[in-house]
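Working notes, structure below.
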Amino acid sequence: SYTYGTLISGMCKEGRVDDASKLFHEMRRRGLAQSAAVYNTVINGYCDKGELDVAFRYRDEMVRVGIKPTLRTYNLVVHALFMEGRNAEACALIKEMEEKGLVLDAVTYNILINGYCKEGNVKKAFKLFQEMLRKGVHPTKVTYTSLIYVLGKSSRVADADRMFKEAVEKGLVPDLVMYNALIDGHCADGNMERAFEILTEMEKKKIAPDEVTYNTLTRGLCLLGKVEEARCILDEMSRRGIKPD
RNA sequence: GCUCGUUA
């Protein structure tokens with residue numbers, strides 16, 4: 001079962017969801033147990049492909065054969081609905097989770113928070129952030145990255161800096177994605193000096209910038225009309241062996 | 001073996 005699970009997961013990551021579902025049916029033919037994890041993998045594959053209807057069919061099927069959807073199943077589906085802008089359905093599922101006594105975890109909150117951040121709904125995002133704190137669910141790097149992102153997009157970079165600091169104070173170790181989100185906020189703000197300061201800071205922490213970091217900086221410089229400096233970024237990238245895209 | 005975050 002684990003062998004199949006690993007294979008199915010691998011197929012899905014390659015975007016070969018239909019091959020994955022063939023394997024899924026093959027394992028059934030062989031009489032191997034199909035756990036919630038394997039269902040989740042297949043559901044995730046179809047969610048990524050945007051075929052939510054198929055994903056839902058598998059979820060209904062797992063219920064039918066007596067496998068309880070797990071917190072991850074719900075998180076998966078809530079996330080997919082949110083990405084499609086089907087917020088009402090996502091919220092209905094959250095309600096269903098609460099009714100069933102499932103305890104929302106950090107991932108659930110992160111999905112909701114990020115969903116609202118993507119919509120630029122700062123109020124709602126922070127309302128959920130407060131709620132998770134109130135319920136004793138510890139925010140993660142992902143939570144903070146989403147909040148830093150939305151603050152940057154809302155021209156509230158100073159608040160983004162504060163959130164970053166708060167995350168560090170809570171003992172979270174900032175990673176590349178979190179740094180990139182903060183750098184982007186300052187680039188959007190036109191504060192390239194601060195953006196490069198953060199770059200220096202992350203390198204001091206032995207976190208190597210990636211193409212997202214450089215793309216972000218390039219865009220920031222171009223927005224200010226500093227095309228020559230932007231051109232230097234390209235050289236810096238090749239010097240470091242990062243492929244420009 | 002399964003879920004969430006950053007640029008374009």
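Chain letters run A, B, ... following the sequence lines, proteins first and then strands; every chain starts at 1.
- Between the CE atom of M62(A) and the C1' atom of G1(B) there is a distance of 14 Å, given to the nearest Å.
- Minimum atom distance to the side chain of S146(A) is reached by G5(B), of the listed G1(B), U7(B), G5(B).
- Interface remark: the T145(A) side chain does form a donor-acceptor pair with the G5(B) base, using a distance-only criterion of under 3.5 Å.
- Taking atom OH of residue Y39(A) and atom C1' of nucleotide C2(B), one finds them 14 Å apart after rounding to whole Å.
- Side-chain nitrogen and oxygen atoms of N44(A) include at least one within less than 4.0 Å of the OP1 or OP2 phosphate oxygen of U3(B).
- Closest to the side chain of N40(A), from the set G5(B), U7(B), C2(B), is C2(B).
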Exercise for the section: Report the C-alpha separation of E236(A) and R240(A) in whole Å, then their side-chain angles, then the decisive distance to 0.1 Å, and conclude whether the salt bridge (Lys or Arg N to Asp or Glu O under 4.0 Å) test is met. Expected result: CA-CA 6 Å; E236(A) 177 71 14; R240(A) 290 175 171 259; 2.9 Å; yes
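- Going from atom NZ of K68(A) over to atom P of C2(B) covers 23 Å, rounded to whole Å.
- In this structure, I111(A) atom CD1 and C4(B) atom C1' are separated by 5 Å, rounded to whole Å.
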Practice task
Decide yes or no on salt bridge (Lys or Arg N to Asp or Glu O under 4.0 Å) for D235(A) and R231(A), but give the supporting numbers first.
Solution key: CA-CA 7 Å; D235(A) 300 333; R231(A) 161 82 229 197; 3.3 Å; yes
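- We find that NZ of K243(A) is positioned 23 Å from P of U7(B), with the value rounded to whole Å.
- Across all strands, V38(A) comes closer than 4.0 Å to base atoms (heavy-atom distances).
- Closest to the side chain of T6(A), out of U7(B), G1(B), G5(B), is G1(B).
- Residue L104(A) contributes atom CG, which lies 19 Å from atom P of U3(B) at whole-angstrom precision.
- Residue contacts shown for T70(A) are absent, as no nucleic acid heavy atom lies under 4.0 Å away.
- Taken from CG in L128(A) to NZ in K135(A), the straight-line distance is 9.5 Å, to the nearest 0.5 Å.
- Checking the phosphate oxygens (OP1, OP2) of U7(B), no side-chain nitrogen or oxygen of R219(A) falls inside 4.0 Å.
- Distance, E26(A) CD to G1(B) C1': 16 Å, rounded to whole Å.
- The residue Y149(A) sits close only to the backbone: its heavy atoms come under 4.0 Å of sugar-phosphate atoms, none of a base.
- Residues V150(A) and S154(A) share a closest heavy-atom pair of O-OG, 2.5 Å.
- At a cut-off of 3.5 angstrom, the base of G5(B) holds at least one donor-acceptor pair with the side chain of D175(A).
- Atom CD of Q130(A) sits in a crowded spot, with more than 12 heavy atoms from other residues, nucleotides or ligands closer than 6.0 Å.
- Among the heavy atoms of the strands lying under 4.0 Å from A181(A) are primed sugar atoms or P, OP1, OP2 only; no base atom is included.
- Atom CG in L112(A) sits roughly 14 Å away from atom C1' in G5(B) (whole-Å rounding).
- With hydrogens and angles ignored, no donor-acceptor pair under 3.5 angstrom links the side chain of S1(A) to the base of G1(B).
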